[in-house]
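Labels below follow one simple rule: chain letters A, B, ... track the order of the sequence lines, proteins then strands, and each chain is numbered from 1.
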Amino acid sequence: MRVAAVELGDGEEEIIPGGRMAPDDLPTSYLLSAGYDGKAEKAFLRLYEPTSQQIYLWYDDTNHLPYCISKASPEELRKNKGLVGYPGFLSLEEEEKFDALRGEAVKVTKILASNPLAIGGQGRSGIRYVIGDSWESHIRYYQNYIYDRGLVPGMPYRVEGGRLVEEKYALPDDVAGRMDAIFAEEEAEFREHMREWARLLQCPVPPLRRVAVDIEVYTSVANRIPNPDEAPEPVIAVSFVSSDGLRRVLLLNEAGEAELPVVDGAEVVFHADERALIEEIFRVLNEYPIVLTFNGDNFDLRYLRRRAQNLAFPLEEIPITQGRRFTFLRNGLHIDLYRFFLNRSIQIYAFGNRYRENNLDDVASTVIGKRKLEIGDISGLSLDELARYCLRDAEITYELTSFSDDLVMKLMVILTRISRMTMEDVTRMGVSRWILALMEHEHRRRGWLIPNAEDIIEAKGGTTTEAIIKGKKYLGAIVRSPKPGVHFDVTVLDFASLYPSAIRNWNLSYETILCGHPECRGKVVPGTSHWVCTRRRGLTSLLIGSLRDLRVRWYKPLSRDPGRSEGERTFYDIVQSALKVFLNASYGVFGAESFPLYCPPLAESTAAIGRYAMTQTVDASRKLGIEVIYGDTDSVFLDQPTTAQIQKLVGWAEDELGIEMDVDKVYRYAIFSKRKKNYLGVYPDGSVDIKGLTGKKRHIPPLLKEAFLRLTGILGGVKSIEDIPGAKEDIRDLVESVHARLQGRDFDLNELAFSVMLGRKLSSYETNPQHVKAAKMLRERGRTLDIGDIISYVVTQGGVKPVQLASRRDVDVDKYVEYLESMFEQLLDALDMDFDELVGRPRETTLDSFFTR
DNA sequence: AACTGTGGCCTGTGAC
DNA sequence: GTCACAGGCCACAGTT
């Protein structure tokens, strides 16, 4: 009998779950997760019941089976001895599906098996390898189960007489009424979709009971973290912080001599032996429906499981199951916040790119304004310090989910509902998988065959435009050359969700682009040779389009509606951010080879429509008498437009392009050099908006950054053209003082350090850039280095040196003056100022002045 | 063989 | 996803 979890690859694990079975009648409970129980050979669901605040397991009662699809007939398949004799093979069922690529019905055969392994196998085995071509065979079994039963993770269900019943949440009448009014003009198909989306998004999210866990491990070598797959060292501390008030630190005190530390507002407990300590940890892990960690997949929970095995815990007493990359719990859900915050879409679109490094300290300090405690080596801490340090980590881990009224938990649940993925998966996987799941769900719901990647490429082919950047696949957005100089009263207009609007308006989808109907060939995407179907509504167009409309015309206005309570506004803001994450990724995925529905002409057409919208808008502005100073992808910077002119332009875009334009920002004035993606704008309140300028980049030495910040401070104080001479004086003083500091070597070495991230392993660099040189010097001194590490180096006379190995005398001061110059020049150019003059260097004799002498 | 100027390329960091 | 920048690396060609 198998007791241990058998690994099936990422995420799919033949888990033997533990915990409470759902009673025959379970009140309203939220579906959070699903899996496959290898022993029972059944799919199971994890339901969170908000009154008892517990997880209940519910097992499939419909005899749902794993399957994949073949285009061969049952008769043909029956001749395949390898298939018929395959262990676990059960039966064949003929079925009709819709082949969207061909636009016609297709007869397929469902191949049913007793367990998911028989379909997918391990390595190169499984039915899908025996039969050659197969469809829908790479979908995780529990995900298949969710699709086939039309389940929506994150939504409420009930168990009645042992059966799972949907708790049909209906939109309140007044909400439905207002929505109908707003979307009255939309196509019926869109309206239906939007109503269903709104039902999922509007349904309240219950408070989720959860505990954050953090462990500390003894380190025999200072600062060397023990390998969690070996777990050689004892667990010396663990802390819990929960939503129901638990704040507890468990400490290992084998000597039994120390005095129990007192930590404010927390309970501290000693354990004389590690086994008892771990047993207590497991008791808490089993008790909570949701366990939060920061990097628990790769460290805390992984270590605990291994450590328990080392201490000869019987497997069934370890509540942790281990996949190749992820670590799960038998009873509840494990959510690794490290993975969630690492997700680039979450980082950029949900948190505005506020945190840059993916460690707990950086994320927590920018998101909730709380830092880790600073310590040296773990093993050098007193029990008192250890307890405080460990508690703080659990505390900030918990608070990352609790700030702003549980914003992050709600965001996760909303993402779960949109994507149809389990909460564990949605917090671990990238946005392309979310979109894939959403698309798969919609295919299954409609009875469409989910195409394989090769099917789409074969039918639709590649791209026809040439990218500007070598090595890219197709032509992207337009960036206009800015008009250099200082411009007062600049208004920036942007398209509301340009690419999703393009996808919606032009009916873009993998099945509608380059369709087979001769009569559609005239509907050509401007700037390409691709045409789009005029007969059928594209699936992507419908999904993305309806989500877009809902965000732009419903949730975004609501999140800013002063007539709503603050709580409501926050919730609407979460929803609109979640939608934004989806929408922003929706175009890119179709241009990513790794995406299973990769469709180059689709991505290419989307970008082409974006270019068309931009060029048309610039033309229209010109005709309205507005000068366009700059524009990038979906925005235009207008020079002193009147309100009437703006209104006309917005109206034009709505009528001619079918896209809403919003006033994104208004600058009191803006400074442009001739560089694209580089400018400084000053808002009416004097705050400064900086884009692309070198002085803002994260790798720039603090001394230079500081100087740049002061420069922007001076510019922020400029109210009108009359203030400019004064500002110039201030800038002159600033440059002089920084220059003098450099020349006088009046600095700390750290202030001059460039901090550049290692983008790959040291061995795989083709060239030898500066940060790699410095990294190699560190490695020679025994530092271990990894992808993502930040290398700090200073530029010295003899080349670069890691900041740790350099001294102040080494510094190549002239080089730093050069950096200062090029950084300042990006703005001084536009102000007609000359850096050389500011630092007392004679003006270069230009050829011109030479001849006119 | 050493030096220098050039231009393509690599790398990291952003904008959108 | 593509576009754009800074800044340095590096191969190459031509010169001394």
Side-chain angles (χ1 to χ4, degrees), chain A residues 344-345 347-349 352-353 356-357 430-432 435 463 465-482 492 494-500 502-503 580 583-595 598-600 602-608 610-611 613-614 630-637 664 673-681 689-700 704-705 754-760 762 764-775 787-791 793 795 799-800 815-816 818-819 821-823 825-826:
Chain A
R344 264 187 61 79
S345 297
Q347 187 175 346
I348 296 171
Y349 299 119
N353 217 359
R356 298 306 175 86
E357 289 160 52
V431 68
S432 68
I435 292 172
T463 55
T465 57
E466 187 101 9
I468 288 176
I469 302 170
K470 237 178 101 180
K472 300 288 179 189
K473 288 169 287 199
Y474 58 90
L475 191 56
I478 291 177
V479 187
R480 291 175 53 83
S481 292
V492 183
D494 69 355
F495 292 112
S497 301
L498 176 64
Y499 290 150
I503 291 171
K580 183 178 173 185
L583 293 170
N584 277 321
S586 62
Y587 140 76
V589 293
F590 289 103
E593 263 167 277
S594 55
F595 187 59
Y598 175 50
C599 185
L602 174 49
E604 184 176 36
S605 300
T606 311
R611 293 194 297 276
M614 167 67 91
Y630 176 62
D632 184 349
T633 310
D634 62 352
S635 65
V636 280
F637 290 57
D664 180 31
S673 68
K674 60 181 192 302
R675 297 165 189 83
K676 298 173 176 180
K677 296 188 186 283
N678 268 264
Y679 60 88
L680 178 145
D689 188 27
I690 305 160
K691 299 291 180 188
L693 300 174
T694 305
K696 209 186 85 169
K697 297 195 173 182
R698 71 159 176 224
H699 66 286
I700 293 301
L704 299 178
K705 220 177 218 177
F754 287 89
S755 302
V756 179
M757 188 162 60
L758 283 178
R760 53 180 79 181
L762 270 191
S764 60
Y765 278 95
E766 287 179 47
T767 53
N768 201 10
Q770 294 188 321
H771 68 296
V772 173
K773 277 184 189 150
I787 298 174
D789 285 351
I790 307 262
I791 306 298
Y793 63 88
V795 179
V800 298
K815 200 73 206 168
Y816 279 89
E818 264 181 48
Y819 295 135
E821 175 172 9
S822 83
M823 191 177 79
E825 243 173 21
Q826 294 175 349

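- Between the C1' atom of B:dG14 and the CE atom of A:M757 lies a distance of 12 Å, rounded to the nearest Å.
- Nearer to the 5' terminus of DNA chain B, by closest-nucleotide assignment, is the contact made by A:K470 (compared with the other of A:H699 and A:K470).
- OP1 or OP2 of B:dG12 lies within a sub-4.0 Å distance of a side-chain N or O belonging to A:H771.
- Here A:F595 lies out of heavy-atom contact (under 4.0 Å) with every strand.
- Ring-plane geometry between A:Y587 and A:Y474 is classed as perpendicular, the angle between the planes exceeding 60 degrees on a 0 to 90 degree scale with a lower cut at 30.
- Between A:K696 atom NZ and B:dG14 atom C1' there is a gap of 8 Å when expressed in whole angstrom units.
- A:F590 comes within 4.0 angstrom of nothing in the nucleic acid, heavy atoms only.
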Exercise. Any chance you could list the contact pattern along nucleotides 1-6 of chain C? Use B for base contacts, S for sugar-phosphate-only contacts and - for none, protein heavy atoms under 4.0 Å, 5' to 3'.
Key: SSBSBS
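- Remark: side-chain polar atoms of A:K705 are paired, donor with acceptor, to backbone N or O of A:K697 under 3.5 angstrom.
- Between A:K677 and A:D632, the closest side-chain pair of non-hydrogen atoms falls below 4.5 Å.
- Of the candidates A:I700, A:V795, A:T694, A:Y819 forms a side chain to side chain contact (heavy atoms under 4.5 Å, CB included) with just one, namely A:V795.
- Between the C1' atom of B:dA15 and the CZ atom of A:R698 lies a distance of 15 Å, rounded to the nearest Å.
- With hydrogens and angles disregarded, a donor-acceptor distance shorter than 3.5 Å links the side chain of A:T463 to the backbone of A:K473.
- Within the 4.5 Å cutoff, the side chain of A:V636 has heavy atoms near those of the A:M614 side chain.
- Residue A:L758 contributes atom CG, which lies 11 Å from atom C1' of B:dG12 at whole-angstrom precision.
- In this structure, A:M823 places its CE atom 17 Å from P of B:dT13, rounding to the nearest Å.
- The side-chain heavy atoms of A:Q347 and A:N353, taken from C-beta on, include a pair separated by under 4.5 Å.
- The closest donor-acceptor contact from the side chain of A:Y765 to the backbone of A:G759 lies under 3.5 Å.
- Judged by distance alone, the side chain of A:T465 and the main-chain N or O of A:L475 form a donor-acceptor pair under 3.5 Å.
- We find that CG of A:N353 is positioned 9 Å from C1' of B:dG14, with the value rounded to whole Å.
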Pairwise N/O distances under 3.5 Å, protein to nucleotides 8-10 of chain C:
from, atom 1, to, atom 2, distance (Å)
C:dG8, OP1, A:Y819, OH, 2.5
C:dC9, OP1, A:K773, NZ, 2.6
C:dC10, OP1, A:N768, N, 3.2

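- Between the P atom of B:dG14 and the CD atom of A:Q347 lies a distance of 11 Å, rounded to the nearest Å.
- In this structure, A:D664 atom CG and B:dC16 atom C1' are separated by 11 Å, rounded to whole Å.
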